[in-house]
Amino acid sequence: MISPRQFFTEKLLEWNRETNTRNMPWKGEKNPYRIWLSEIILQQTRVEQGWPYYERFIQHYPTVKKLAAAPDEEVFRLWQGLGYYARCKNMLAAAREITATYQGKFPDQYEQIKALKGIGSYTAAAIASFAFNLPYAVLDGNVFRVLSRYFGIETPIDSTAGKKQFGTLAQELLPQSLSAEYNQSIMDFGAVVCKPQQPLCGECVLRKKCVALHEQLVPHLPVKTKKLLIKKRYFNYLLVHYKEDIYIRKRTDSDIWQNLHEFVLIETAGPSDITALQSSGAIDPILGKTPFEIDRVSAPFKQQLTHQTIHSQFISITVKKAPAIPGYTLVPRSSLNNYAFPKTITTFLESNHLQLF
DNA sequence: AAGCCGGGGGG
DNA sequence: CCCCCAGGCTT
């Protein structure tokens, strides 16, 4: 009698060889730089969303040395719209580390790989297995889901105990000599068959021994405990125009959108308008006594982030003298496309044809 | 251990 | 409206 574990591994590999038709540009890739790039881009990101970014990065930076030598702003600009911008910062740091310490040759040992910025246990295992066929099992959202259902494991995957339990199990299941193929198989299987919603249990090659299916636990697995609280925030953006220039700054606070740019921001506790901003004294610290003219006020914009709902309004004003606004710099409006902005700002810019993108 | 970091797609 | 996505870092 074949064990559930052996059944699992064999059926998964068989499914991959005979049925799996999922196609990605980096699939079967052996170049560690390309694998790494794809893995960074795909962290918490759908394949369909990351795909065009991957193509663009490979076009611009065919080698890790090229990426390491690129100006920060150019790289952030290329990353614009993808989200989780710390990934971009860490990616640049890692590229420069690889260039400086390893002479541009990607490290081929797990510990060295994992020590690079932005590379955690998942990404290290992915690179180690795909590029170097080292025996490290990947543990991502797909693997958590497939394992929790097939083995009927109800330990929360967002707990320390869960991560340890699933990590150990995943490593035990890994066929040592087939790590690349197996890792690819289980992730594709999770994405194509054992999906979060409406999984294809009717045609699943594991159904005979799937605990969740037999115990009708499929919709309840995997278990997650933490629920997130969503805050509302209100951003009033002043587009302060002086001749052909406009004020912007780079966001550096420990907050969202680090390393991206923005216009003059006045954050308020609730919805506001230019009159309220003036009478509350919020304008004074920014413009001082500089007279200004209100050109127009945008419709409200809304953007949903993981932990926050951002309500934005853009107020366009003109000054005849250029005040010194602390933290902000005056740049030509025509140069805005050299800077990376958060989605809500690019959406605004595009909607107003203020900028060609 | 818990919280935070984007944006998009689907139910 | 909710959840999830080839997760990792900070506190």
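Order of the sequence lines sets the chain letters (A, B, ...), proteins ahead of strands, with each chain counted from 1.
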Considering just the side-chain nitrogens and oxygens of [X], establish if one lies under 4.0 Å of OP1 or OP2 belonging to [N].
X	N	result
A/Thr123	C/dG8	yes
A/Trp257	B/dG7	yes
A/Arg145	C/dC4	no
A/Gln44	C/dG7	yes
A/Arg22	C/dA6	yes
A/Tyr54	C/dA6	no
A/Lys226	B/dA2	yes

- Message: Distance check, P atoms only: B/dG3 and C/dA6, in whole angstrom units.
- Response: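 My reading of the P atoms in B/dG3 and C/dA6 gives 25 Å.
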
- Taking atom C1' in both B/dG6 and C/dC3, compute the distance separating them and give it to the nearest angstrom. 15 Å

Atom-to-atom span, [atom1] of [X] to [atom2] of [N] - whole angstrom:
X	N	atom1	atom2	result
A/Gln258	C/dT10	CD	P	10 Å
A/Lys227	B/dA1	NZ	P	20 Å
A/Ile310	B/dG6	CD1	P	10 Å
A/Phe301	B/dG7	CZ	C1'	16 Å
A/Ile40	B/dG6	CD1	C1'	16 Å
A/Gln43	C/dA6	CD	P	12 Å
A/Glu48	B/dG10	CD	C1'	11 Å
A/Asp158	B/dC4	CG	P	15 Å

- Query: Taking the inter-plane angle between the rings of A/Phe263 and A/Phe314 on a 0 to 90° scale, is it parallel (under 30°), tilted (30 to 60°) or perpendicular (over 60°)?
  - Reply: perpendicular

- How are the rings of A/Phe7 and A/Tyr150 set relative to one another: parallel (under 30°), tilted (30 to 60°) or perpendicular (over 60°)?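 Parallel.
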
Heavy atoms under 4.0 Å, any strand shown: does [X] hit a base, just sugar-phosphate, or nothing?
X	answer
A/Leu82	base
A/Trp26	base
A/Gly190	nothing
A/Gln308	sugar-phosphate
A/Asp188	base
A/Ser159	nothing
A/Asp255	sugar-phosphate
A/Asn90	sugar-phosphate

- Item | Between A/Phe301 and A/Phe235, ring centroids under 6.0 Å | no

Base [N] to side chain [X], donor-acceptor N/O within 3.5 Å cut-off:
X	N	value
A/Thr306	B/dG6	yes
A/Gln184	C/dA6	yes
A/Gln49	B/dG7	yes
A/Ser121	C/dG8	no

- Message: Go nucleotide by nucleotide along DNA chain B from the 5' end; which of A/Lys231 and A/Tyr85 gets its closest nucleotide reached first?
- Response: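 The residue whose closest nucleotide sits nearer the 5' end is A/Lys231.
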
- So which one's nearest nucleotide on DNA chain B is more toward 5', A/Thr160 or A/Gly81? A/Thr160

- Task: Please figure out whether A/Ile230 or A/Met187 has its closest DNA chain C nucleotide nearer the 5' end.
- Result: A/Ile230

- Message: Please find the pair of heavy atoms, one from A/Thr306 and one from A/Ile230, that lie closest to each other, and give the distance.
- Response: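 Smallest heavy-atom distance, with atoms named: O-CG1, 3.8 Å.
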
- Note on the structure: Note: A/Gln308 and A/Ile256 closest approach over all heavy atoms is NE2-CG2, 3.6 Å

Nearest to side-chain heavy atoms of [X], which nucleotide of [options]:
X	options	answer
A/Gln198	B/dG7, C/dA6, B/dG11	B/dG11
A/Leu305	B/dG6, B/dC4, C/dC4	B/dG6
A/Arg87	B/dG6, C/dA6, C/dC4	B/dG6

- Of the options A/Phe130, A/Tyr33, A/Tyr54, which is the one that meets A/Ser38 in a side-chain contact (heavy atoms from CB on, under 4.5 Å)? A/Tyr54

- Is there a Watson-Crick or G-U wobble partner for B/dG6 with both distances under 3.5 Å, and if so, which one is it?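 Paired with no nucleotide.
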
- Without hydrogens or angle criteria, can the side chains of A/Tyr122 and A/Gln43 be said to hold a donor-acceptor pair below 3.5 Å? no

- Task: Decide whether a cation-pi geometry holds between A/Arg5 and A/Phe8; the criteria are a distance under 6.0 Å from NZ or CZ to the six-membered ring centre and an angle within 45° of the ring axis.
- Result: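 Verdict for A/Phe8: no cation-pi partner in A/Arg5.
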
